[in-house]
Protein chains: 2
Amino acid sequence: MNFEDVSLTALRVFRAVAEHGTFTAAAASLGYTQSAVSRQVATIERAAGTQLLQRRREGVRLTAAGLTVLRHATVVLHEIEATARELSGLPPAAGTVRLGWIPSAGAVLLPRALTELSRTDPGLRVVSREGTTPVLVRALRAGSLDLVLLGSAPPFRSPDTETPPLVVETLAERSLRLAVPASHPLARGDFVDVADLRGQRWIAGPSSGEDRLMGVWPGLDERSEIAHTARDWLAKLHLVAAGLGLTTVSAALTPAAPDGVRILPVRGGPQEQRRLLLARLDRPSAQPVARVAAALRAAALDTT
Amino acid sequence: MNFEDVSLTALRVFRAVAEHGTFTAAAASLGYTQSAVSRQVATIERAAGTQLLQRRREGVRLTAAGLTVLRHATVVLHEIEATARELSGLPPAAGTVRLGWIPSAGAVLLPRALTELSRTDPGLRVVSREGTTPVLVRALRAGSLDLVLLGSAPPFRSPDTETPPLVVETLAERSLRLAVPASHPLARGDFVDVADLRGQRWIAGPSSGEDRLMGVWPGLDERSEIAHTARDWLAKLHLVAAGLGLTTVSAALTPAAPDGVRILPVRGGPQEQRRLLLARLDRPSAQPVARVAAALRAAALDTT
DNA sequence: GAAGTTCATGACGATTACGCATAGCAGATG
DNA sequence: CATCTGCTATGCGTAATCGTCATGAACTTC
């Protein structure tokens, strides 16, 4: 079987798998069973004559050939969708930009950039969605997002190691700060000393994988007590406001801190920097995408 | 049924129909029966929700929607083929240019341009094929040719009236000439007077459609005797050499005239001009295509 | 070692796609 | 006017394909 005999269905299934990272999730997103996905992937791999996916316990990873297929598949499927749109008389819909963002970019940068955009480019339509870094990166590679806002911590590795590499731009570099209840003794000054952080109670992020101490000040070698874990920033900050613990927060979130929470720098330890990244594919960006990127860049400068 | 549900097979069939102009010819080129083609076209039209082809007695003609679909289909199919090539480890094969030409461009211009190209761009591969104007234009639109050499006579209408229009460039404008046997009384001078053309025997081209007098000097209102009809230039010119008749020929063919044939201008009538055109789609041309176009342009100037 | 992931696969029913044969239609030809 | 020769459309039977269900195998986590 030749690759030219693949079906569009197989390409769609493959794209969904690439985007969601597992057969099961892809199946759910398509309304198929996992079995159907498995067969379609087997078929397309037979057609390609090579493995396109490395099966690993936690899901799949694209091989080099898989990336090649994905690159072409996104073009093909996009073209089909564009044909359908044109035939139904709709405009080319080239004005819509799809943006992905991590939660910590959603409270300040995103609304500012979008507000500004709606003033300067009222014709531009932006649809956005939140997600974790791996989810957003996969969606970007699968062609279902045009731009992605990501975070990065030292040693500032690239968000993925695939080829071709993503085009990544640093929008801002901010120091990591501490969210402290206004009523807390530590909140009296304009900064906190790292020595005072031992023995505090912490509100951590969801313990996902390696960086399981997200939310706890880095480098505290003593066993820190994690009192609560939460993913949502509003919840985290209100837990802090209620005096239930401390948490780390990017300086960029300062303007969004609710009453009862102070965002303070920490002195005495190594500089803890966090970067906000804007990533896209290495294809030439359409003009509306470039406008949104520019607005995000401007908004990031604004919040300095 | 939505257009997004079309199959690649349907797109391929549709492209073949657009290229060959009839269901039957498309079926033959694909190794299908006419029945299968008819069904696939019906399916894709149902998916598109509109007629894509006007059925006429002599074949089909694309509607506006049909052109839209064709445009996208060529992209999609090209992308699939590129994927197949990449997966089999071959280079992107971006160095191959597909050129179409009408017979009168094949004897002089084509070999000159290709010889020159093989000297200046040895890495460039050109595959070419001969065809009639409508066949070549359809093949160009269907994406199976990159460049097409065409002829044009007054009133120099565009080779087709579809949208988007083809990008057409005039490579040369030559006067129409007369091929005369060297032994013929008319061959004594350096030109022929139009008055002497009455009552001659002619070697015409195949009587296809409107321009059924191709080969006979235009404007001879009397009934001219067509002694032979031939499509092939070598045959035509050797029929002339054997004294079996006269025929018209573009001045560009002069260097290719065999012994026993003189190519002479005709005086006394209106100027009969013929243009050699180079046509391509309105998409931006890849660099190798531009090289070939440049070589053709240069060769056309050379043969002035 | 039990439970919960992951992907793979045999069996089955519904759909689809093809070729064959034939019908319908319009212009050319005698 | 009848026939012939292009063209496309369609009824029918067969063979391949696709998706679900149910189950299995490999592996991590508790």
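Letters A, B, ... are given to chains in the order of the sequence lines, protein chains preceding strands, and every chain is numbered from 1. Everything quoted here is computed from the prediction, not taken from an experiment.
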Chemist: Touch check for B/Ala36, heavy atoms < 4.0 angstrom, all strands: base, sugar-phosphate only, or nothing?
Modeler: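 It contacts sugar-phosphate atoms only.
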Chemist: Expressed as a whole number of angstroms, how long is the span from A/Tyr32:OH to D/dT20:C1'?
Modeler: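 Atom-to-atom, A/Tyr32 to D/dT20, this comes out as 12 Å.
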Chemist: How is B/Val37 classified with respect to the nucleic acid when contacts are heavy atoms under 4.0 Å: base, sugar-phosphate, or nothing?
Modeler: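 It contacts nothing in the nucleic acid.
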Chemist: In whole angstrom, give the distance that lies between atom CZ of A/Arg55 and atom C1' of C/dT5.
Modeler: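 So the two atoms are 16 Å apart, to the nearest Å.
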Chemist: Can you check the B/His20 NE2 to D/dG6 P distance for me, whole Å?
Modeler: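 In whole Å, D/dG6 P lies 18 Å from B/His20 NE2.
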Chemist: Taking atom OG1 of A/Thr248 and atom NZ of A/Lys236, what is their separation to the nearest 0.5 Å?
Modeler: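 If we round to the nearest 0.5 Å, A/Thr248:OG1 and A/Lys236:NZ are 6.0 Å apart.
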Chemist: Look at all strands and tell whether A/Gly31 reaches a base, only sugar-phosphate, or nothing, counting heavy atoms closer than 4.0 Å.
Modeler: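 Touches sugar-phosphate only.
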Chemist: Measure from CZ on B/Arg39 to P on C/dA21 and round the result to the nearest Å.
Modeler: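 So the CZ-P distance, B/Arg39 to C/dA21, works out to 14 Å.
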Chemist: Is there a side-chain polar atom (N or O) of A/Thr33 under 4.0 Å from OP1 or OP2 of D/dC21?
Modeler: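 Checking D/dC21 against A/Thr33, no side-chain N or O comes under 4.0 Å of OP1 or OP2.
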Chemist: Roughly how many Å is it from CG in A/Leu53 to P in C/dC7, rounded to a whole number?
Modeler: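 That distance rounds to 9 Å.
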Chemist: Using a 4.0 Å heavy-atom cut-off, does A/Thr43 contact any base of the nucleic acid, only the sugar-phosphate backbone, or nothing at all?
Modeler: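 Nothing, no nucleic acid heavy atom in range.
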Chemist: Is B/Thr22 touching bases, backbone alone, or none of the nucleic acid, heavy atoms closer than 4.0 Å?
Modeler: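 Result for B/Thr22 = sugar-phosphate.
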Chemist: Contact class for A/Gln40 (heavy atom, under 4.0 Å): base, sugar-phosphate, or nothing?
Modeler: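 A/Gln40: backbone/sugar contact only, no base atoms under 4.0 Å.
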